[in-house]
Amino acid sequence: MHILITGGLGFLGSNLTRKLLQSPLNTITIIDDQSSGSLNNLSNLPSSDFYRIRIIKKDVCALNFGDIEAKLDIIYHLASRASPRDFLDYPLEIMYANSFGTQRVLELTRQHKSKLIFTSTSEVYGDPLIHPQDETYSGNVNLHGIRSCYDESKRFAETLIAAHTRKYNLDTVILRIFNTYGPGMKIDDGRVIPNFIISSLVDKSIKINGDGRQTRSFCYVDDLVNGMIDIAQLKNNQADVYNIGNDAEITINELAHLILTLTQSDSEIIYGEQLSDDPLLRRPILTKIRSKIKYQPQISLEEGLKRTIAYLADQMGMSHKKLLEVKI
Ligand code: UDP
């Protein structure tokens with residue numbers, strides 16, 4: 001199979017690339033402008049695998065037909081910053097990747113008659129008024145809030161994909177990805193798990209936004225990637241939408257205490273302002289994806305956090321005594 005991954009050097013994209021390369025018949029083209037993704041994310045690949053990857057440093061909005069040398073069987077369109085930290089600094093880049101970038105990807109999907117897997121997000125549900133969320137829920141998004149550059153551009157991309165699919169009879173899947181974590185996240189990613197782990201490792205205060213009673217459902221990246229690969233086996237999809245993630249819900253307070261325990265940290269917890277439009281509750285209903293593929297996350301939060309702690313500690317070059325005690 002020849003597979004295109006936009007954003008293939010990011011956290012999710014690099015984990016997906018690594019997993020896809022485990023099939024010896026796969027070859028991969030990555031389009032990534034390396035603004036947030038990095039070649040370092042693939043640095044530990046066996047050198048023999050590099051013969052099966054071509055990396056093009058390019059913004060997905062500038063993707064053109066000439067970039068692709070062989071017929072594409074599958075396109076994974078991941079390119080977009082996804083950390084709330086970036087919503088303030090890069091709103092236009094995020095909106096362009098999901099609008100112009102998605103248009104480029106759709107043209108390629110049509111030309112190559114390939115299957116398209118688009119990574120949408122649980123953010124399309126905004127601050128949800130129903131809980132947990134299934135795919136029929138239309139969401140509650142503040143159009144003009146800081147987060148809307150991400151939420152609304154992903155929603156637009158979903159609509160663009162549905163319209164192209166109807167008009168040109170394309171084979172497309174939309175995955176609404178819930179909070180995902182694991183090795184490959186950057187130290188300065190800004191999302192809650194790396195933030196809490198880094199603070200704990202250096203004995204800095206853990207800062208919780210709001211009262212910490214907001215919930216999330218965290219999925220270990222390997223479980224998510226396995227689902228992304230299995231879903232590509234489905235045929236004749238018509239902009240079918242699936243939630244994907246882990247449905248084990250936890251409060252941010254509980255998460256902070258768990259990370260403090262696992263890192264054996266003395267960091268204190270401090271509370272700050274609640275962020276505007278910060279969703280209060282988030283948990284996926286996974287019935288739909290389970291009706292199509294065998295999908296059951298295998299890695300518990302505790303196990304996944306241990307692996308993530310070890311990865312981030314390694315990235316920091318820490319020889320902290322505590323790290324030796326983190327059992328993997
Ligand atoms: N959060 C926090 N402290 C941090 C980072 C995040 O309390 O240092 C909170 C954030 O306000 C949200 C939750 O943790 O309620 C998850 O945030 P994250 O940025 O990981 O992703 P989101 O689910 O909001 O996209």
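In each ligand, atom 1 is the first atom listed, and ligand 1 is the first ligand listed. Note that these values count all heavy atoms, side chains included, but never hydrogens, waters or copies made by symmetry. Positions are given from 1, in the same order as the sequence printed here.
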Of the options Thr102, Thr121, Asn98, which is the one that meets Ser153 in a side chain to side chain donor-acceptor pair (under 3.5 Å)?
Asn98
Nearest non-hydrogen protein atom, atom 8 (O) of ligand 1:
Asn195 ND2, 2.8 Å
Check the surroundings of atom CZ in Arg213: do more than 12 heavy atoms from other residues, nucleotides or ligands lie under 6.0 Å from it?
no
So which protein heavy atom does atom 13 (C) of ligand 1 come closest to, and at what separation?
Ile252 CD1, 3.7 Å
So, regarding Arg191 and ligand 1 (criterion: nitrogen or oxygen to nitrogen or oxygen, under 3.5 Å), is there a contact or not?
no
Starting from atom 7 (O) of ligand 1, find the nearest protein heavy-atom neighbour and note its residue, name and distance.
Asn209 N, 2.8 Å
Who's closest to atom 6 (C) of ligand 1 heavy-atom-wise, of Thr180, Val192, Asp277?
Val192
In terms of atom number and element, which parts of ligand 1 are under 4.0 angstrom from non-hydrogen atoms of Leu275?
11 (O)
Nearest to atom 23 (O) of ligand 1, what protein heavy atom do you find, and at what distance?
Arg216 NE, 2.5 Å
Tyr96 OH: over 12 foreign heavy atoms closer than 6.0 Å:
no
Could you tell me whether Glu152 and Arg155 have a side-chain N and a carboxylate O separated by less than 4.0 Å?
yes
For atom 19 (O) of ligand 1, what is the closest protein heavy atom, and at what distance to 0.1 Å?
Pro84 CG, 3.4 Å
Looking at Arg147, Glu123, Arg282, the heavy atom closest to atom 24 (O) of ligand 1 belongs to Arg147
Should the pair Asp67-Arg104 be classified as a salt bridge under the 4.0 Å nitrogen-to-oxygen rule?
no
Could you tell me whether Arg191 and Asp86 make a salt bridge, using a distance below 4.0 angstrom between a side-chain N and a carboxylate O?
no
Applying a 4.0 Å heavy-atom criterion (strictly less than), which segment of Lys207 is in contact with ligand 1: side chain, backbone, both, or neither?
backbone
In the single-linkage hydrophobic clustering (I, L, V, M, F, W, Y; side-chain heavy atoms under 4.5 Å), do Tyr76 and Val241 co-cluster?
no
Between Glu303 and Arg307, is there a salt bridge with N-O shorter than 4.0 Å?
yes
Could you tell me if Asp134 and Thr136 have a donor-acceptor pair between their side chains, going purely by distance under 3.5 Å?
yes
As an exercise, identify every atom of ligand 1 less than 4.0 angstrom from a heavy atom of Asn179.
21 (O), 22 (P), 23 (O)
In the protein, what heavy atom is nearest to atom 15 (O) of ligand 1, and what distance, to one decimal place, separates them?
Asp278 OD2, 2.8 Å
Below 3.5 Å, N or O to N or O, backbone or side chain included: is there any such pair between Phe196 and ligand 1?
no
